[in-house]
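Written out below as structure tokens is the structure these notes cover.
Here is how names work: the chains are called A, B, and so on, in the same order as the sequence lines, proteins then strands, and each is numbered from 1.
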Amino acid sequence: MNLRLYNTLNNKIEDFKEIKKGKVGLYTCGPTVYDFAHIGNFRSYVFEDLFKRYLIYLGYNVKHIMNITDIDDKTIKKSNELGVNINEITQKYLKAFFKDIKTLNILKADIYPKATEHIKEMVELVEKLENNGYAYKKENSVYFNIEKFKGYGKLANVLKENLKTGVSIDSDEYDKENVQDFVLWKGKKEGEPYWETKYGEGRPGWHIECSAMSMKYLGNHFDIHMGGVDNIFPHHENEIAQAECATGEKFVNFWIHCQHLIVNNQKMSKSLGNYYTLEDLIQKGYKPMAIRYLLLSTHYRKTLNFTFEGLERAIRSLNRINDFIFSLKGLKSNKGESEHISNIINQNEIKFRENMNNDLNVSGALGVFFDFTHQINLKLKELKTKDIENILAYIKRIDSVTGVLKEEESSPLEDEIEKKIKIRENARKDKDYKLADSIREELKKKGIILIDTSDGVRWKKSK
RNA sequence: GGCGACGUAGCCAAGUGGUAAGGCAGCGGUCUGCAAAAUCGCUAUUCAUCGGUUCGAAUCCGGUCGUCGCCUCCA
């Protein structure tokens, strides 16, 4: 089965076909760096990462662009309120963003273009739209005339008749009631940053940024554009309008949108006190990989209900995988390789792929993988050296997609602890279980967990 | 009002016309000096609900109820 994806453009699951063999151009909507990103943002980023990792797993050469919005109403507002230079704000939160995605084991994009560094491209795009008759000037701003674009509304399934009310508005955050032509270029306002261009002093509209930057790095027509469902309208709809009216070409083949995350069945908001940043969760003692596991284990088109119970469950599910790897690594085995183990691996990987190919069915794919751990656990005693290598290599391939097994540095034990473990071993031989148990308890308090196996004592650090 | 997603065990969740995966939790057993891990058994006659199509429906169609999102910025 080929990779099949739900394409918002046509509202159905379609076979994925790349434009240029073996290559995928991928654009994901990035952060507006005016505040810390929250776990809802990270749900999208983690899903996008899962998707990108899977494309790489399938052998595609992925070119991934993620924009950084470092100029917009919210950023300007914050800058003015705090009396701080806008760059200081965007620098601060950009740094935090990069730190967070590293923590969550999200692969870096190839390029993170900043809006403020692509004013020239945006103005050129506005110019093209004006030349093609889709844009008009009003006051000091330039607007897109949605009446002129026949395809307007095709992504979000909105009818122009329901939108057009005749007034054009140049703010990102305007009042209700009027939805209409959107702004391409905003004339300068008092107290706002501006650029000097052929359209006078001003700054770009929000939507033009993504059209200009995606086309600059991926071409006029590229494979996949992703984002949260809230971006479908108007942001992505407007991107299509801008790009297609400027170039006359189809803009993007596949639009993939990730559902939102809610917290305890409620919309996340600061006023409800259920608004979490990644740092908040880490401060509470949760491990990043458990957070990542939780965020990616629900299908991307389903609303994810974030709860702390769910996070606890994620920890335990991950433990099952980690314990499995732990047992494998501690096995004493004979040389050789068994055909039936290779068969189990091959069969399992095929099923894993079938599930992932089915519109990124992670839950199904994880279920397949848990089946695998079960099958292998039944055969642990008969594994040969090469089998274990093969299994570990398979786990590595799976994790190249899921990215939840980021290993922590395994520092060697201190001499003193080593000594204690030896004392305990001797005590056990002498059947002095009282002493043995007290040492085990003592080390547990230090974060070292001892496990007695038929192959001897083993230790691991507590999570 | 318009557009869209969705409703499967205590919780999370797969399933895309052929008779309910998997994970977590729980109970009982095996293994272990005891633990841990693993393992075995038990835990949904039923998929919001009512009708229809079909030899056969959680899956298709229609109605009803309910949840969420978008329609203004938001991942």
Side-chain angles (χ1 to χ4, degrees), chain A residues 4 6 8 11 13 28-32 35 37-48 72-74 77 153 156-159 161-163 169 171-180 182 206 226-235 237 257-262 265-269 293-294 297-299 301-305 307 309-310 312-324 326-327 330 351 355 358-359 361-374 376-378 380-381 428 431-434 436-437 440-441 444 449-454 458 460:
Chain A
R4 294 166 60 75
Y6 184 89
T8 309
N11 280 323
I13 294 179
T28 59
C29 276
T32 301
D35 202 349
H38 53 69
I39 51 169
N41 299 117
F42 289 119
R43 193 224 172 158
S44 290
Y45 300 148
V46 165
F47 164 64
E48 287 159 2
D72 87 315
D73 289 359
K74 292 187 292 288
K77 195 175 159 205
N157 279 318
V158 288
L159 296 170
E161 301 81 75
N162 294 341
L163 293 173
I169 287 235
S171 168
D172 294 345
E173 300 189 66
Y174 36 93
D175 293 331
K176 252 184 167 68
E177 52 214 326
N178 296 319
V179 188
Q180 54 279 306
F182 58 92
W206 176 43
M226 303 176 82
V229 282
D230 54 298
N231 279 149
I232 296 172
F233 193 87
H235 187 51
E237 192 70 61
H257 292 100
C258 186
Q259 258 297 343
H260 275 189
L261 169 152
I262 56 175
N265 285 311
Q266 284 180 301
K267 188 168 178 168
M268 180 168 54
S269 74
Y293 185 94
L294 177 66
S297 55
T298 295
H299 187 83
R301 283 193 288 120
K302 211 165 166 177
T303 305
L304 170 63
N305 185 20
T307 62
E309 292 76 11
E312 295 289 341
R313 264 198 307 276
I315 292 168
R316 288 190 293 261
S317 300
L318 252 189
N319 280 348
R320 188 172 166 88
I321 300 174
N322 282 317
D323 284 337
F324 173 63
F326 182 77
S327 335
K351 284 191 203 153
N355 276 281
N358 181 16
D359 195 29
N361 182 355
V362 227
S363 315
L366 286 172
V368 165
F369 183 67
F370 278 110
D371 273 339
F372 174 75
T373 63
H374 183 241
I376 297 298
N377 271 327
L378 289 172
L380 279 187
K381 288 290 169 196
R428 286 186 71 220
K431 299 206 192 296
D432 183 354
Y433 295 123
K434 212 170 174 183
D437 289 351
R440 185 168 64 191
E441 199 52 34
K444 192 179 171 186
I449 293 171
L450 295 185
I451 298 118
D452 300 318
T453 73
S454 55
R458 302 193 61 208
K460 63 178 179 183

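- Remark: Asn358(A) is in phosphate contact with G15(B), judged by side-chain N or O atoms under 4.0 Å from OP1 or OP2.
- Listed pair Thr298(A) / A13(B) meets the phosphate criterion, a side-chain N or O lying under 4.0 Å from OP1 or OP2.
- Using Watson-Crick or G-U wobble geometry with both donor-acceptor distances under 3.5 Å, A20(B) finds no partner in any strand shown.
- Arg43(A) comes within 4.0 angstrom of no nucleic acid atom, judged by non-hydrogen atoms across all strands.
- Salt-bridge check for Lys351(A) with Asp371(A): failed, with every basic side-chain N at 4.0 Å or more from each acidic carboxylate O.
- Pairing for A25(B) is absent, judged as Watson-Crick or G-U wobble with the two contacts each under 3.5 Å.
- Using a 4.0 Å heavy-atom criterion, one finds that Gly228(A) contacts the sugar-phosphate atoms exclusively.
- What separates CD of Glu312(A) from C1' of C11(B) is a distance of 13 Å, to the nearest Å.
- Across all strands shown, U32(B) has no partner, as no Watson-Crick or G-U wobble contact with both distances under 3.5 Å is found.
- Side chain Asn361(A) to base G15(B): no donor-acceptor pair is found below 3.5 Å.
- Listed pair His374(A) / U39(B) meets the phosphate criterion, a side-chain N or O lying under 4.0 Å from OP1 or OP2.
- Comparing the C1' positions of G29(B) and G18(B) gives an interatomic distance of 36 Å, to the nearest angstrom.
- Among the nucleotides C34(B), C24(B), A75(B), the one closest to any side-chain atom of Leu261(A) is A75(B).
- Here the C1' atom of nucleotide A25(B) and the CG atom of Asn319(A) are 14 Å apart, to the nearest Å.
- You'll find that the side chain of Tyr45(A) is closest to A75(B), out of G69(B), A36(B), A75(B).
- Stacking between His38(A) and the base of A75(B) is absent under the criterion of ring centres within 5.5 Å and planes under 30 degrees.
- Residue Phe233(A) contributes atom CZ, which lies 8 Å from atom P of C73(B) at whole-angstrom precision.
- The phosphate of U39(B) (OP1 or OP2) has a side-chain N or O of Arg320(A) nearer than 4.0 angstrom.
- Using a 4.5 Å cut-off on side-chain heavy atoms (C-beta onward), Met268(A) and His38(A) make contact.
- Across the strands present, A44(B) finds no partner; the criterion is a Watson-Crick or G-U wobble pair with both atom distances under 3.5 angstrom.
- Applying the 4.0 Å criterion to OP1 and OP2 of A75(B), one finds that Asn231(A) has every side-chain N and O outside that range.
- Under the Watson-Crick or G-U wobble criterion, with both distances below 3.5 Å, C60(B) is paired with G52(B).
- His257(A) and Arg301(A) make their closest contact through O-CG, 4.2 Å (heavy atoms, listed as atom of the first residue, atom of the second, distance).
- Checking A75(B), C73(B), A35(B) against every side-chain atom of Lys74(A), the shortest atom distance belongs to C73(B).
- Between the CZ atom of Phe369(A) and the P atom of G22(B) there is a distance of 16 Å, given to the nearest Å.
- Closest to the side chain of Ile451(A), from the set A37(B), A35(B), G69(B), is A35(B).
- G69(B) is paired with C3(B) under the Watson-Crick or G-U wobble criterion, all donor-acceptor distances under 3.5 Å.
- Rounded to a whole Å, the CG atom of Leu366(A) is 11 Å from the C1' atom of A14(B).
- Taking the side chain of Tyr433(A) as heavy atoms from C-beta on, and the options A37(B), G33(B), A38(B), the nearest nucleotide is G33(B).
- Which of U39(B), A5(B), G33(B) sits closest to the side chain of Arg428(A) comes down to G33(B).
- Residue His299(A) is classed as a sugar-phosphate contact, given heavy-atom separations below 4.0 Å to backbone atoms only.
- Not one side-chain nitrogen or oxygen of Tyr293(A) sits closer than 4.0 Å to the OP1 or OP2 atom of G23(B).
- OP1 or OP2 of A75(B) sits under 4.0 Å from a side-chain N or O of Asn41(A).
- With hydrogens and angles ignored, a donor-acceptor pair under 3.5 angstrom links the side chain of Asp452(A) to the base of C34(B).
- At least one side-chain nitrogen or oxygen of Arg316(A) sits closer than 4.0 Å to the OP1 or OP2 atom of A25(B).
- With values rounded to the nearest 0.5 angstrom, Gln259(A) atom CD is found 10.0 Å from Leu304(A) atom CG.
- The minimum heavy-atom distance between Arg440(A) and Asp452(A), with the atom names listed, is NH1-OD2, 3.8 Å.
- His235(A) places its NE2 atom 13 Å from the P atom of C71(B), with the value rounded to the nearest Å.
- In this structure, the nucleotide among U39(B), C68(B), A35(B) sitting nearest to the side chain of Asn377(A) is U39(B).
- Atom-to-atom, CG of Asp437(A) to P of U32(B) comes out at 17 Å; the value is rounded to the nearest Å.
- Of all nucleotides listed (A14(B), C6(B), G23(B)), G23(B) comes nearest to the side chain of Phe370(A).
- Residue Lys302(A) places at least one side-chain N or O closer than 4.0 Å to OP1 or OP2 of A14(B).
- Using cut-offs of 30° and 60° on the angle between ring planes, the pair Phe369(A) and Phe372(A) is parallel.
- Ranked by how close their nearest RNA chain B nucleotide is to the 5' end, Ile13(A) and Pro31(A) are led by Ile13(A).
- Between Ser317(A) and Gly40(A), the one whose closest nucleotide on RNA chain B sits nearer the 5' end is Ser317(A).
- The CZ atom of Arg316(A) lies 12.0 Å from the OH atom of Tyr293(A); values are rounded to the nearest 0.5 Å.
- Atom OG of Ser317(A) sits about 11.5 Å away from atom CD of Glu312(A), to the nearest 0.5 Å.
- As rounded to whole Å, 7 Å separates atom P of G23(B) from atom CG of Asp371(A).
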